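Reading through the structure tokens given below for one structure.
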2 protein chains.
Amino acid sequence: MVHKQPRMPTWSRPKGRAKIEDVAREAKVSSATVSRVLNHPAIVRQELRDKVARAIAKLSYTRDSAGRALKSGRTRTIGAIVPTLGLSIFADGIEALQNRLSESGYTLLIANAQYDQQRELQEMRSLLERGIDGVVLVGDSHSLELRTLIRQASVPVITTYVSKASKGMPAIGIDNEVATRELTRYLLDIGHVSFGIIANVPPSNDRSRARLEGVQKSLAQAGIDLKSTQVIKADHSLGQGRSAFRQLMTDHPEVTAVICTTDSLAIGAIAEARKLGFKVPQSLSITGFDDIELAGQVDPPLTTISVPAGEIGRGAADYLINAISGLSIPKSIQLPYRLIMRGSTAPPPPSRTRKNSHAKPIRNR
Amino acid sequence: MVHKQPRMPTWSRPKGRAKIEDVAREAKVSSATVSRVLNHPAIVRQELRDKVARAIAKLSYTRDSAGRALKSGRTRTIGAIVPTLGLSIFADGIEALQNRLSESGYTLLIANAQYDQQRELQEMRSLLERGIDGVVLVGDSHSLELRTLIRQASVPVITTYVSKASKGMPAIGIDNEVATRELTRYLLDIGHVSFGIIANVPPSNDRSRARLEGVQKSLAQAGIDLKSTQVIKADHSLGQGRSAFRQLMTDHPEVTAVICTTDSLAIGAIAEARKLGFKVPQSLSITGFDDIELAGQVDPPLTTISVPAGEIGRGAADYLINAISGLSIPKSIQLPYRLIMRGSTAPPPPSRTRKNSHAKPIRNR
DNA sequence: TTGTAAGCGTTATCAA
DNA sequence: TTGATAACGCTTACAA
């Protein structure tokens with residue numbers, strides 16, 4: 001005998017979720033008391049507190065954050081816009097950011113802008129409409145419109161992976177330019193005089209630009225000339241690293257040190273170098289930037305600059321949480337990078353050191 | 001002469017944001033009309049529509065989603081909980097998910113659970129409290145409590161990177177077990193009889209387990225015995241791939257094919273193999289799984305299974321958006337994987353083929 | 001210490 | 001076609 005299933009009402013309200021009134025009724029107190037138990041437990045009598053707690057457990061009540069946000073003007077939500085999640089350096093930062101926020105009861109709204117300022121603006125609008133309490137950006141190339149939007153919303157903001165506040169926006173990260181200066185200095189010190197650079201320069205990538213400038217300035221300071229063909233532009237893929245390397249070495253066989261602005265490019269370059277028969281580091285030094293997981297595992301392991309992505313993420317979280325609660329920390333936070341010297345760099349072959357190089361004499365002292 | 005700055009009120013409300021009433025006043029219509037222009041423009045007269053539009057532009061008004069959510073019970077927000085963002089396969093999926101959601105006016109709340117069911121549960125509570133309209137999970141190992149929570153909230157859910165609905169939860173992804181079966185079949189077909197497996201088995205990683213089972217079943221079917229020492233457990237890091245490989249080859253020098261359950265492990269294994277003097281693929285074949293960017297760039301390029309992370313992310317978004325609007329698509333979506341044959345695999349050296357192997361005769365048919 | 005009630009910004013129902 | 005108004009669930013003066 002087939003029984004008919006008890007039929008659901010044609011359209012039952014999607015949420016059978018308990019509300020604060022239900023808890024109040026169950027505990028025989030007012031809804032205000034329930035709210036107080038939730039938000040300021042100290043000011044309610046132990047006995048009632050327990051009753052309310054039991055009622056909450058029984059109904060497995062959770063606050064509806066919409067009502068809460070409407071009343072308080074706070075969403076306990078932070079937004080982040082990154083260029084992409086496809087680069088582990090950003091993914092790692094976001095992961096750390098989320099972990100820290102979660103500990104403090106915040107949730108993370110995330111968006112990616114694909115290095116497109118127009119998209120960034122649009123995502124920001126969407127985030128702002130959601131009423132985020134704070135926002136995390138990357139880098140310091142942002143449209144004026146974006147800045148205006150943030151200022152008008154008077155939402156705390158911090159930008160990451162760079163170290164200097166730009167146009168009043170606080171930052172947390174490393175000084176990319178100083179980092180490549182040190183790296184270049186190191187290569188100069190061990191005797192290199194003929195350089196090639198593989199730089200990822202998608203539009204609006206200020207970090208990469210700073211890295212490139214660090215190298216250029218350091219070389220200029222050492223009186224070493226750099227032809228424009230010694231700087232190859234690429235995106236950040238391994239494949240581009242390979243082809244850029246090939247082009248570089250075709251045009252400039254005299255090069256003994258190849259500086260890449262990301263590890264991916266460097267790893268691509270190493271792969272291609274090996275294929276082309278270069279001995280790294282004996283005849284050719286190659287460096288990266290970021291210190292991704294792979295950097296220490298390739299053969300030879302990559303000399304690179306380590307970027308503290310986790311610390312950046314955590315620091316951004318802490319900064320915003322403080323800023324939201326009124327403790328404004330207006331200054332930028334400069335984090336230390338580390339020059340990691342591994343096996344991909346060595347002094348140039350004897351025949352190629354300064355003595356018999358074509359480098360001009362040192363100009364700037 | 002120093003003028004005092006006009007002093008801000010001790011505590012000004014953080015938002016100078018225009019509300020719907022302001023727009024209404026500016027346009028000399030009722031707030032209801034403004035709302036209608038925003039939500040059902042068709043039913044309001046052209047003239048008023050324009051007036052309202054102008055007022056909106058003038059005040060640069062945007063809806064406050066808290067009020068909206070409170071009224072409508074919808075937040076236009078999707079939550080996602082991934083094990084980690086540190087694996088590019090997940091980062092890529094999330095990126096695609098976010099892009100697709102963004103196109104449809106949704107924003108993405110993200111959390112990571114670090115392969116910890118307890119954390120997953122806690123993050124889910126937080127997400128649910130935020131009133132998400134749908135949720136994306138990874139894999140099919142989830143605590144009963146989590147399932148219950150989701151069911152009670154009656155929030156649409158989809159799990160990803162697996163292909164079969166488990167306990168009523170729809171899924172989108174590939175069939176990991178079938179994939180490694182095909183991969184193993186391929187290795188058998190080209191003559192391998194002695195296998196080693198490097199498997200990442202963090203707690204609750206069902207994908208990895210399925211991959212491992214696929215290999216085991218395929219080998220069992222071919223009548224090939226697998227000692228427990230031929231299966232090395234590891235996490236998913238490159239370094240672990242290296243050490244696992246070393247251990248494997250120490251215990252089982254007869255192995256001619258090493259199957260790794262992730263590309264990272266395989267790349268680590270290749271690096272170590274090279275260091276130890278193995279010739280890949282001439283004397284040893286190595287395979288991965290995921291087809292990360294690097295897989296095609298290492299030397300030799302890695303034979304692997306390609307997982308369509310982007311498609312998974314987009315598919316999950318589409319699924320949820322449909323489910324939210326009532327078009328329930330109850331079935332799981334099985335996406336095709338691809339076996340990518342590259343240079344890291346080849347027939348075993350002649351001396352090691354079946355003829356003179358120690359493999360038992362085929363049992364199962 | 002607790003309860004009552006107003007109001008946060010929006011949308012939808014009902015009347016006009 | 002438009003306007004007035006009542007919720008939505010929560011927090012917080014203000015009263016008791």
Side-chain angles (χ1 to χ4, degrees), chain A residues 11 13-53 55-56 59-77 128-131 133 153, chain B residues 11-53 55-56 59-77 105 128-131 133 153:
Chain A
W11 200 79
R13 43 151 48 109
K15 19 183 77 180
R17 204 166 144 184
K19 50 188 74 169
I20 206 170
E21 291 288 357
D22 300 327
V23 177
R25 202 174 314 114
E26 174 74 27
K28 297 186 208 304
V29 298
S30 75
S31 63
T33 299
V34 178
S35 175
R36 278 189 282 257
V37 171
L38 257 16
N39 299 309
H40 318 282
I43 67 171
V44 18
R45 194 154 43 94
Q46 178 72 44
E47 192 193 328
L48 283 197
R49 228 189 296 165
D50 293 346
K51 272 213 299 202
V52 169
I56 287 178
L59 305 179
S60 59
Y61 165 80
T62 52
R63 277 181 287 210
D64 179 318
S65 59
R68 200 181 183 201
L70 185 55
K71 182 64 188 168
S72 66
R74 293 265 147 93
T75 55
R76 302 222 120 217
T77 277
L128 251 19
E129 194 167 320
R130 252 75 188 181
D133 293 341
Chain B
W11 200 79
S12 68
R13 42 151 51 106
K15 23 182 72 177
R17 203 164 143 187
K19 50 188 74 169
I20 206 170
E21 291 288 357
D22 300 328
V23 177
R25 202 173 314 115
E26 174 74 26
K28 297 185 207 301
V29 297
S30 76
S31 62
T33 298
V34 178
S35 176
R36 276 189 283 258
V37 171
L38 256 15
N39 300 310
H40 317 283
I43 66 170
V44 18
R45 193 153 42 94
Q46 177 74 43
E47 191 193 328
L48 283 197
R49 228 188 298 164
D50 294 346
K51 270 214 300 202
V52 169
I56 287 177
L59 304 180
S60 59
Y61 164 81
T62 52
R63 276 183 288 213
D64 179 317
S65 59
R68 202 176 182 206
L70 184 56
K71 180 65 186 163
S72 66
R74 294 266 146 93
T75 55
R76 303 222 117 216
T77 276
L128 251 21
E129 194 168 321
R130 251 76 188 179
D133 293 342

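Computed over heavy atoms, backbone and side chain alike; hydrogens, waters and symmetry mates excluded. Since this is a predicted model, take the numbers as computed values, not measurements. Numbered from 1 within each chain, the chains take letters A, B, ... in sequence-line order.
One end of the helix from C/dT1-D/dA16 to C/dA16-D/dT1 points its axis 40° away from the other end's axis, with each axis taken from 5 pairs and the angle rounded to 10°.
Atom-to-atom, CG of A/D64 to C1' of C/dC8 comes out at 13 Å; the value is rounded to the nearest Å. When the P atom of C/dG3 is taken as reference, atom CZ of A/R25 falls 14 Å away, rounded to whole Å. Whole-Å rounding puts the B/E47 CD to D/dT1 P distance at 13 Å. Summarising the geometry, the separation between CD on B/E129 and C1' on D/dG9 is reported as 13 Å, rounded to the nearest angstrom. One interatomic measurement links the two molecules: CD1 of B/I20 to C1' of C/dA12, which rounds to 12 Å at whole-angstrom precision. Rounded to whole Å, atom P of C/dG9 lies 3 Å from atom NZ of B/K19. Here D/dC10 presents its P atom at 14 Å from CZ of B/R130, a figure rounded to the nearest Å.
Residue A/L48 places its side chain closer to C/dT2 than to any other of C/dT2, D/dT11, C/dT11. When distances are taken from the side chain of A/K71 to each of D/dC8, D/dC10, D/dA13, the shortest belongs to D/dC10. The side chain of B/L70 lies closest to D/dG9, out of D/dG9, C/dT11, D/dC10.
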(request) Tell me, with the steps shown, if B/D22 and B/R25 meet salt bridge (charged side-chain N to carboxylate O under 4.0 Å, His left out). (result) CA-CA 5 Å; B/D22 300 328; B/R25 202 173 314 115; 3.4 Å; yes
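Between B/S30 and B/A24, the shortest heavy-atom contact is C-CB, 3.7 Å. Annotation for A/R17 and B/E129: closest pair NH2-O, 3.7 Å, computed over non-hydrogen atoms. The heavy-atom pair separating A/V29 from A/V34 by the smallest distance is CG2-CG2, 3.9 Å. Between A/G131 and A/T75, the shortest heavy-atom contact is O-OG1, 2.7 Å. Closest approach of B/L70 to A/A66, counting heavy atoms only: N-CB, 3.8 Å. The two residues A/R76 and B/R130 make their nearest non-hydrogen contact at O-NH2, 2.5 Å.
For C/dG3, the base has a donor-acceptor partner in the side chain of A/R36 [N/O atoms by modelled type, under 3.5 angstrom].
Without hydrogens or angle criteria, A/R49 side chain to A/V44 main chain gives a donor-acceptor distance under 3.5 Å. B/S72 contributes a side-chain N or O that, together with a main-chain N or O of B/R68, makes up a donor-acceptor pair within less than 3.5 Å.
Near DNA chain C, meaning a heavy atom under 4.0 Å from it, residues 27-35 of chain A has A/V29, A/S30, A/A32, A/T33 in order of number. Within residues 37-46 of chain B, the residues having any heavy atom under 4.0 Å from DNA chain C are, by residue number, B/N39, B/H40.
Atom CD1 in B/I20 sits 10.5 Å away from atom CG in B/D64 (nearest 0.5 Å). Here A/L38 contributes atom CG and A/T62 contributes atom OG1; the two are 9.5 Å apart, rounded to the nearest 0.5 Å. To the nearest 0.5 Å, atom CD1 of residue B/I56 and atom CD of residue B/E26 are 11.0 Å apart.
Checking the phosphate oxygens (OP1, OP2) of D/dG9, no side-chain nitrogen or oxygen of A/R68 falls inside 4.0 Å. Using a 4.0 Å cut-off, no side-chain N or O of A/R74 falls inside it from OP1 or OP2 of D/dT11.
Among the atoms of the strands shown, only primed sugar atoms or phosphate atoms (P, OP1, OP2) are found under 4.0 Å from some heavy atom of B/R63.
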